[in-house]
Each structure stands twice: as C-alpha cells, then as structure tokens.
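Keep in mind it's a predicted model, so treat the numbers as computed, not measured.
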Amino acid sequence: MEVAGAVDTYLIGEDIGKVCNMEEALEIPIINDLTMVLGSISQTKATAVVVDFTDPSTVYDNVKQATAFGMNSVVYVPRIKLETVSALSAFCEKASMGCLVTPTLSIGSILLQQAAISASFHYNNVEIVESRATAGDFPSQDAVQIANNISNLGQIYNRDDISTDIQARGQVLGEDGVRVHSMVLPGLPSSTTVYFSRPGEVYTLKHEVTDVQCLMPGLILAIRKVVRLKNLVYGLEKFL
C-alpha cells in the first residue's frame with residue numbers, strides 16, 4: 001500500500017509525509033479539493049481506497065464522490081447518524097460499490113465489546129467507567145456502543161437502583177439500566193472499563209489506548225477487506 005493523496009482544510013500545501021512525521025517527504029501536498037485528488041488518483045492507480053476521517057455531515061457526499069471515481073471507502077467517523085448509514089447503504093447497494101463504516105478501528109475495543117456481550121448473559125449488574133485526558137462528547141462512542149450491544153438481550157441490569165436520579169450514579173444509557181461514568185483527568189490514557197458483578201464475584205474488562213497507532217492494524221484490515229465488497233458493511237468486527 002501507498003499513500004496516493006491527502007485532503008484536508010488545514011495545512012494546505014504541506015507535504016503529508018512531513019505532517020505525519022515520516023522520515024522522508026512523500027512529495028504529496030495536502031489539498032482541500034476532494035474531486036481534484038480523486039480525479040488524479042483514478043488516472044494513475046488501478047485500485048484505490050478512500051479513508052474518511054471527517055465529519056458526520058460530510059460523509060455521504062464524500063462516499064458519493066469516491067464511488068463516482070470507482071473507489072471504495074472506509075469511514076471512521078464517530079457519532080455518524082444511523083440515518084446517514086442507512087442512506088449510504090442504499091446508495092452503495094445501488095452502485096454495487098463497497099463501503100465499510102465502523103465506529104472504531106481499534107481491534108482491542110472490538111474485542112472488549114465482544115467480551116462484554118458474552119458476559120452480559122451471566123451478570124445482573126454492569127457499569128461502564130471511562131477516562132479521557134481531555135473533555136469531549138460524553139459518554140464516548142465506545143461506551144455508547146457497549147451499552148447498545150448489551151441492551152435488548154433480555155437482561156435488566158442494576159435492578160436495585162435502575163430508577164435513581166442521583167447524578168453521582170452516572171448516566172443510564174438505554175432502557176436496560178446500563179450506567180456509565182466519565183472521568184476527565186489530564187495525564188490519564190484513554191480507557192474503557194466494564195464492571196460486571198453478581199453475588200460473590202466481580203468480572204472486569206478493560207481496554208486502554210496509549211497511542212493512536214493502535215488504530216493502524218484495524219485500518220489496514222479495513223482497507224484490505226473493503227476492496228472486495230459490493231455493498232455497505234457496518235462494523236469492523238464483521239471481518240475479525
């Protein structure tokens with residue numbers, strides 16, 4: 001694989017290799033015109049994949065443009081709306097073009113979510129505690145995804161205080177009593193911990209991010225898989 005183009009609204013004209021702290025410049029400048037970059041790549045590369053790290057409001061148009069140039073897309077845009085995913089799915093189905101939309105590229109995060117689903121059938125109490133070094137949108141996408149995954153499985157959690165409105169007890173996500181607590185402490189690595197308990201034991205699952213490089217194995221996997229698709233797939237876990 002090789003980087004073929006770079007699109008952004010910042011650092012326009014800067015070499016993408018230097019911006020990414022690579023040892024040598026790639027002689028690929030950052031351009032703020034997606035159509036121009038896609039047109040240039042389509043003339044020189046037999047196969048290309050567009051990786052979208054933008055914003056929920058621009059994803060649909062970006063994938064539409066990529067499809068027009070015969071390119072599949074990997075979309076990693078947290079908090080993308082489900083109606084946008086549905087619209088993209090219909091578009092990709094009609095165009096017979098592959099697209100992977102994933103809430104996370106971290107394989108560790110996916111494994112945590114899968115382990116939480118398995119554990120949810122055996123425990124009556126669950127709480128999610130997450131930490132971030134800086135303030136952001138809380139609860140995080142990871143916490144929301146875990147809560148969604150273990151809801152509607154026939155289990156009601158934390159029955160003893162499911163209806164309490166004490167703010168210190170955290171926020172209830174969904175209707176099944178899953179609680180989440182979000183901490184913001186500078187110096188802490190980003191982490192998500194899921195605590196399950198029942199009489200006599202506590203089962204703890206934890207995923208910790210120490211560097212953004214943790215996303216790279218998942219991204220490489222996504223690029224390799226998306227070129228074989230002819231429709232939209234939601235979630236990198238489909239390929240693990």
Side-chain angles (χ1 to χ4, degrees), residues 3 6-22 30 32 50-60 62 73-82 84-85 100-116 126-151 165-174 178-196 204-223 234-237:
V3 178
V7 182
D8 205 342
T9 56
Y10 299 94
L11 303 176
I12 298 171
E14 295 288 330
D15 185 272
I16 187 62
K18 290 185 177 179
V19 171
C20 294
N21 297 319
M22 300 182 70
I30 297 174
N32 64 345
V50 174
V51 178
D52 192 335
F53 288 149
T54 57
D55 182 85
S57 63
T58 63
V59 167
Y60 185 87
N62 292 345
S73 300
V74 172
V75 177
Y76 171 58
V77 179
R79 299 190 183 277
I80 185 172
K81 296 181 179 179
L82 291 181
T84 301
V85 177
L100 173 64
V101 179
T102 181
T104 181
L105 286 169
S106 166
I107 292 176
S109 177
I110 293 172
L111 295 176
L112 173 68
Q113 293 171 22
Q114 293 176 340
V126 59
E127 305 216 1
I128 302 171
V129 178
E130 59 181 358
S131 69
R132 300 292 185 270
T134 57
D137 292 330
F138 291 111
S140 70
Q141 182 65 39
D142 286 343
V144 171
Q145 188 72 27
I146 293 170
N148 289 340
N149 287 344
I150 64 177
S151 295
D165 57 359
I166 299 174
Q167 292 185 350
R169 288 292 298 116
Q171 179 180 345
V172 176
L173 297 183
V178 180
R179 292 186 175 277
V180 60
H181 310 261
S182 302
M183 300 188 300
V184 178
L185 291 171
L188 275 184
S190 295
S191 69
T192 303
T193 306
V194 187
Y195 294 91
F196 291 93
T204 304
L205 302 169
K206 183 175 183 178
H207 175 244
E208 192 170 277
V209 175
T210 58
D211 194 286
V212 72
Q213 289 187 29
C214 71
L215 303 180
M216 294 304 102
L219 177 59
I220 296 298
L221 175 63
I223 293 172
Y234 185 82
L236 183 62
E237 64 273 11

Could you report the tightest heavy-atom contact between A133 and G187, atom names first, then the distance? CB-N, 4.2 Å
Chi angles and distances behind the side-chain contact (heavy atoms from CB on, under 4.5 Å) call for T204, V194: CA-CA 6 Å; T204 304; V194 187; over 6 Å; no
Counting neighbours of CG on L185 that are heavy atoms of other residues, nucleotides or ligands and sit closer than 6.0 Å, is the number greater than 12? yes
So, taking the atom named CG in L112 and the one named CD in Q114, what distance separates them when rounded to the nearest 0.5 Å? 10.0 Å
Should F53 and L105 be marked as a side-chain contact (heavy atoms from CB on, under 4.5 Å) after you check the CA-CA gap, both sets of side-chain angles, and the distance that decides it? CA-CA 11 Å; F53 288 149; L105 286 169; 3.9 Å; yes
Is the side chain of S109 donor-acceptor paired with the backbone N or O of S106 at a distance under 3.5 Å, no angle test? no
Return each pair, listed once, that meets side-chain hydrogen bond (donor to acceptor under 3.5 Å, both in side chains) where at least one residue sits in residues 129-140; pairs must be two or more places apart or across chains. E130-S140, E130-S182, S131-S191, R132-S140
Test item: S73 side-chain N/O and V75 main-chain N/O as donor-acceptor pair under 3.5 Å: no
In terms of heavy-atom contacts, I150 and A116 come closest through CG2-O, 3.7 Å
Is there a donor-acceptor contact under 3.5 Å from the side chain of S151 to the main chain of A147? yes
Going by heavy atoms in the side chains, are V126 and Y195 under 4.5 Å from each other? no
Hey, are the side chains of Y76 and V51 touching, using non-hydrogen atoms and a 4.5 Å cut-off? no
When you compare the side chain of T193 with that of I128, does any pair of heavy atoms fall below 4.5 Å? no
Distance-only, no hydrogens or angles: does the Q113 side chain make a donor-acceptor pair with backbone N or O of I146 under 3.5 Å? no
For K206, which residues count as a salt bridge (Lys or Arg N to Asp or Glu O under 4.0 Å) partner, sequence neighbours excluded? E208
Heavy-atom side-chain proximity of L236 to L100 below 4.5 angstrom: yes
Are the side chains of N62 and V50 in contact, using a 4.5 Å heavy-atom criterion? no
Looking only at heavy atoms, the pair that brings P139 and V180 closest together is CB-CG1, 3.9 Å
How many angstroms lie between CG in L215 and OG1 in T104, if you round to the nearest 0.5 Å? 6.5 Å
Kindly give the heavy-atom pair with the smallest separation between F138 and R79, and that separation in Å. N-NH2, 4.1 Å
Note, Q171 side chain near H181 side chain (heavy atom, < 4.5 Å): no
Report yes if the side chains of Y10 and V19 come closer than 4.5 Å at any heavy-atom pair, otherwise no. no
Taking all atoms of both residues into account, what is the closest heavy-atom pair of T54 and V77, and its distance? N-CG2, 3.8 Å
Closest heavy-atom pair, G235 versus P103, reported as atoms and distance to 0.1 Å, is CA-CD, 4.4 Å
Rounded to the nearest 0.5 Å, the OG1 atom of T192 sits from the CD atom of Q141 at a distance of 11.0 Å
Roughly how far, to the nearest 0.5 Å, is CD of E237 from OG1 of T102? 6.0 Å
Is the closest side-chain heavy-atom distance between V7 and N32 below 4.5 Å? no
Tell me whether the count of non-hydrogen atoms from other residues, nucleotides or ligands lying under 6.0 Å of CE in M22 goes above 12. no
Rounded to the nearest 0.5 Å, the NZ atom of K18 sits from the CG atom of L11 at a distance of 13.0 Å
Quick one: CD1 on I12 to CD1 on I30, what's the gap to the nearest 0.5 Å? 8.5 Å
